[in-house]
Amino acid sequence: MKKILYICVKPIENWDIFTLRTSGDSTQNTISLLLLHHEQNIENIPVSQVCNLDMGEQPHDGVNTKKTISYQEMLEQVFSHDLSVVI
């Protein structure tokens, strides 16, 4: 089981190229998504946690993030995951 953190710095339209393809069961991976850009369509992305970075801005109504994290918490997330991918 791998813990993967996607740090999304711009809107992504095709998430298929970023998701892992494994021969085993892909539900074993824990995927977290950190949004740095508030306008993101994340409806069909199989993630366990979605959060945004607190940059003093209010998130747009279209983004349903469960929590806002600080810069220190972002660093903790990076080091607590097996793989961090900036896209």
Side-chain angles (χ1 to χ4, degrees):
M1 180 168 165
K2 293 183 182 180
K3 290 177 61 179
I4 303 166
L5 172 66
Y6 287 104
I7 302 172
C8 189
V9 297
K10 62 181 181 177
I12 304 299
E13 294 182 20
N14 185 8
W15 278 95
D16 292 339
I17 60 175
F18 296 110
T19 55
L20 291 178
R21 296 193 189 355
T22 59
S23 58
D25 187 11
S26 62
T27 59
Q28 293 178 356
N29 294 328
T30 302
I31 298 176
S32 301
L33 180 63
L34 171 61
L35 300 176
L36 300 183
H37 192 283
H38 295 295
E39 295 178 12
Q40 183 68 259
N41 182 11
I42 55 174
E43 294 176 11
N44 298 320
I45 305 168
V47 295
S48 59
Q49 176 183 341
V50 178
C51 53
N52 64 336
L53 186 62
D54 183 13
M55 294 187 285
E57 302 173 4
Q58 293 295 325
H60 298 294
D61 294 336
V63 177
N64 185 15
T65 56
K66 295 186 177 179
K67 74 184 229 182
T68 300
I69 62 173
S70 68
Y71 283 101
Q72 180 174 343
E73 291 170 317
M74 179 185 78
L75 288 175
E76 291 170 0
Q77 289 286 324
V78 168
F79 291 113
S80 70
H81 285 76
D82 298 317
L83 175 65
S84 296
V85 180
V86 178
I87 51 175

>> Tell me the closest heavy-atom pair linking K3 and S80, and the distance in Å.
In response: NZ-O, 3.4 Å
>> Let me confirm one number: the OG1-NE2 distance from T30 to H81, rounded to the nearest 0.5 Å.
In response: 7.5 Å
> Should V9 and Y71 be regarded as members of a common hydrophobic cluster, given that ILVMFWY residues are connected when their side-chain heavy atoms come within less than 4.5 Å of each other, either directly or indirectly?
Replying inline: yes
> Between S48 (side chain) and I31 (backbone), is there a donor-acceptor pair under 3.5 Å?
Replying inline: yes
> Which value, rounded to the nearest 0.5 Å, describes the distance between L33 atom CG and I87 atom CD1?
Replying inline: 7.0 Å
>> Evaluate L34 against V78 for side chain to side chain contact (heavy atoms under 4.5 Å, CB included), listing each step before the verdict.
In response: CA-CA 10 Å; L34 171 61; V78 168; over 6 Å; no
>> Give me the atom names and distance for the closest heavy-atom approach of Q77 to I69.
In response: CG-CD1, 4.4 Å
> Are L35 and V85 co-members of a hydrophobic cluster defined by side-chain heavy atoms under 4.5 Å apart?
Replying inline: yes
> If every non-hydrogen atom of K2 is compared with every non-hydrogen atom of D82, which pair is closest and at what distance?
Replying inline: CA-OD2, 3.4 Å
>> Is there a path of hydrophobic side-chain contacts, each under 4.5 Å between heavy atoms of I/L/V/M/F/W/Y residues, joining L75 to L5?
In response: no
> Nearest 0.5 Å, what's the CG-CE distance between L36 and M74?
Replying inline: 7.0 Å
>> Going by side-chain hydrogen bond (donor to acceptor under 3.5 Å, both in side chains), name the residues that satisfy it together with S84, two or more places apart in sequence or in a different chain.
In response: none
